[in-house]
Novice: 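Got a structure for you, questions after.
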Amino acid sequence: MRDTDRALVQAATAVVKLRCRSDRHTVATAARTADGRVFTGVNVRHASGGACAELVAVGAAATQGVTDLETMVTVGDRGREVLAPCHRCRQLLRDHFPSLRLIVGPLDALRVAPIADLSPGTGVPAAGTPTP
């Protein structure tokens, strides 16, 4: 992992600590562009299903004219670790950002995986998939 990837994990962790203090917001995402801009988002839980933090971060980036994201990470609240995107988010991210890199895995063994290499049902890289 690059130093900029570690900084992205720190950015998501800071947002989750600051903004995820209720059952309405439990996850934070940080996404980086190739030029280094970082956009964050938190999930919005609701009986209707709500919105995932990844989608909120994509929307925040879009409001600033961003059409391509390079790397993304999602962190859970209350000491939970880095989380992989849900199936719906993986599909949207693959469709809109096919070269996106995701930071996944336990905090003591984080790795970067291309979105295209994630196993369809699990959100983690398929066995034997090389990571950059």
Side-chain angles (χ1 to χ4, degrees):
M1 276 193 7
R2 306 173 189 164
D3 287 342
T4 54
D5 295 334
R6 288 181 197 68
L8 197 63
V9 174
Q10 290 173 345
T13 300
V15 170
V16 84
K17 286 180 180 177
L18 183 63
R19 299 291 177 217
C20 296
R21 297 183 178 189
S22 73
D23 288 341
R24 289 185 182 174
H25 310 291
T26 59
V27 176
T29 293
R32 185 180 62 241
T33 62
D35 66 5
R37 291 180 289 164
V38 173
F39 297 90
T40 60
V42 297
N43 68 323
V44 182
R45 292 181 59 171
H46 186 266
S48 69
C52 294
E54 294 90 345
L55 301 183
V56 174
V58 167
T63 63
Q64 299 299 311
V66 171
T67 59
D68 197 24
L69 295 173
E70 178 193 61
T71 307
M72 180 179 280
V73 64
T74 300
V75 177
D77 68 346
R78 297 174 180 95
R80 292 186 295 152
E81 296 190 353
V82 170
L83 306 170
C86 71
H87 177 74
R88 180 179 70 155
C89 289
R90 280 195 314 273
Q91 188 63 53
L92 180 137
L93 294 170
R94 277 187 189 143
D95 291 349
H96 288 273
F97 311 105
S99 61
L100 181 70
R101 304 163 64 243
L102 292 175
I103 300 171
V104 295
L107 287 176
D108 61 349
L110 291 175
R111 63 194 181 283
V112 178
I115 185 79
D117 290 353
L118 290 186
S119 297
T122 64
V124 295
T129 301
T131 56

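Keep in mind that what you see is a predicted model, and the values were worked out from it rather than measured.
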Novice: Is the shortest side-chain heavy-atom distance between Thr26 and Arg80 below 4.5 Å?
Specialist: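 Yes. Closest side-chain heavy atoms under 4.5 Å.
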Novice: Rounded to the nearest 0.5 Å, what separates atom CZ in Arg6 from atom CD in Gln10?
Specialist: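 Arg6 CZ to Gln10 CD: 9.5 Å, rounded to 0.5 Å.
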Novice: From Glu81 CD over to Thr74 OG1, what is the distance, rounded to the nearest 0.5 angstrom?
Specialist: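 Rounded to the nearest 0.5 Å, the CD-OG1 separation comes out at 14.0 Å.
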Novice: Please say yes or no: joined through hydrophobic side-chain contacts below 4.5 Å, possibly via intermediate residues, are Val38 and Leu18 part of one cluster?
Specialist: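 No; tracing contacts between hydrophobic side chains, which count when under 4.5 Å, never links both residues.
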Novice: Starting from the C-alpha separation in whole Å, work towards a yes-or-no answer on side chain to side chain contact (heavy atoms under 4.5 Å, CB included) for Ile103 and Met72.
Specialist: CA-CA 6 Å; Ile103 300 171; Met72 180 179 280; over 6 Å; no
Novice: Find out if a path of hydrophobic residues (ILVMFWY) with successive side-chain heavy-atom gaps under 4.5 Å connects Val44 to Val16.
Specialist: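 No: no chain of side-chain contacts under 4.5 Å links Val44 to Val16.
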Novice: To the closest 0.5 Å, what do you measure between CG (Leu102) and CD (Glu54)?
Specialist: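 One finds 8.5 Å between CG of Leu102 and CD of Glu54.
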Novice: Going by heavy atoms in the side chains, are Leu118 and Arg94 under 4.5 Å from each other?
Specialist: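 Result yes, sub-4.5 Å side-chain heavy-atom pair found.
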Novice: Would you please name every residue forming a side chain to side chain donor-acceptor pair (under 3.5 Å) with Arg88, sequence neighbours left out?
Specialist: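 Side chain to side chain donor-acceptor pair (under 3.5 Å) list for Arg88, sorted by chain: empty.
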Novice: Counting only heavy atoms not in Arg24 (residues, nucleotides, ligands), do more than 12 fall under 6.0 Å from its CZ?
Specialist: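 It does not: Arg24 CZ has 12 such atoms or fewer within range.
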Novice: Looking only at heavy atoms, which two atoms of Ala28 and Val15 are closest? And how far apart?
Specialist: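 Heavy atoms of Ala28 and Val15 come nearest at CB-CG1, 3.7 Å.
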Novice: Could you measure the distance from the CG atom of Leu69 to the CD1 atom of Ile115? Nearest 0.5 Å is fine.
Specialist: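 So the CG of Leu69 and the CD1 of Ile115 are separated by 11.0 Å.
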Novice: Say you draw a straight line from NE2 of His87 to CG of Leu92; how long is it, rounded to the nearest 0.5 Å?
Specialist: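 Between His87 NE2 and Leu92 CG, I get 11.5 Å after rounding to 0.5 Å.
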Novice: Test of understanding: with side chain to side chain donor-acceptor pair (under 3.5 Å), list the residues that count as partners of Asp5, not counting sequence neighbours.
Specialist: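 Arg32, Arg101.
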Novice: Which heavy atom in Arg111 sits nearest to a heavy atom in Pro106, and how many Å separate them?
Specialist: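 Scanning both residues completely, I find the closest heavy atoms to be NH1-CD, 4.3 Å.
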Novice: Applying side chain to side chain contact (heavy atoms under 4.5 Å, CB included) to Val27 and Cys52, what does each step give before you reach the verdict?
Specialist: CA-CA 8 Å; Val27 176; Cys52 294; over 6 Å; no
Novice: Quick one: do Val82 and Val73 satisfy side chain to side chain contact (heavy atoms under 4.5 Å, CB included)? Show the steps, please.
Specialist: CA-CA 7 Å; Val82 170; Val73 64; 3.8 Å; yes
Novice: Nearest heavy-atom pair of Val58 and Leu93: which atoms, and what distance?
Specialist: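 The answer is CG2-CD2, 3.9 Å.
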Novice: Only one of Thr40, Thr71, Thr13, Thr29 clears side chain to side chain contact (heavy atoms under 4.5 Å, CB included) with Leu8; which?
Specialist: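 Only match with Leu8 under side chain to side chain contact (heavy atoms under 4.5 Å, CB included): Thr71.
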Novice: Using side-chain heavy atoms (C-beta onward) and a distance below 4.5 Å, is Glu70 in contact with Leu100?
Specialist: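 They are not in contact (no side-chain heavy atoms under 4.5 Å apart), so the answer is no.
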Novice: Is there a donor-acceptor pair closer than 3.5 Å between any side-chain N or O of His25 and the backbone N or O of Arg19?
Specialist: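 No; judged by distance alone, with no hydrogens or angles, the pair does not exist.
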Novice: If you take all heavy atoms of Leu110 and Gly105, which pair is closest and at what distance?
Specialist: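 Residues Leu110 and Gly105, closest heavy atoms: CD2-O, 3.1 Å.
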Novice: We want to know whether Thr33 and Asp68 form a side-chain donor-acceptor pair, criterion being a heavy-atom distance below 3.5 angstrom.
Specialist: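 No, no side-chain donor-acceptor pair sits under 3.5 Å.
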Novice: Take Val56 and Val42 through the side chain to side chain contact (heavy atoms under 4.5 Å, CB included) test and state the conclusion after the steps.
Specialist: CA-CA 7 Å; Val56 174; Val42 297; 5.7 Å; no
Novice: Drop me the distance from Asp95's CG to Arg90's CZ, to the nearest 0.5 angstrom.
Specialist: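 Asp95 CG to Arg90 CZ: 12.5 Å, rounded to 0.5 Å.
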Novice: Would you say Met1 and Leu107 are hydrophobically clustered, going by side-chain heavy atoms of ILVMFWY under 4.5 Å?
Specialist: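 They do share one cluster, since a chain of ILVMFWY contacts under 4.5 Å joins Met1 to Leu107.
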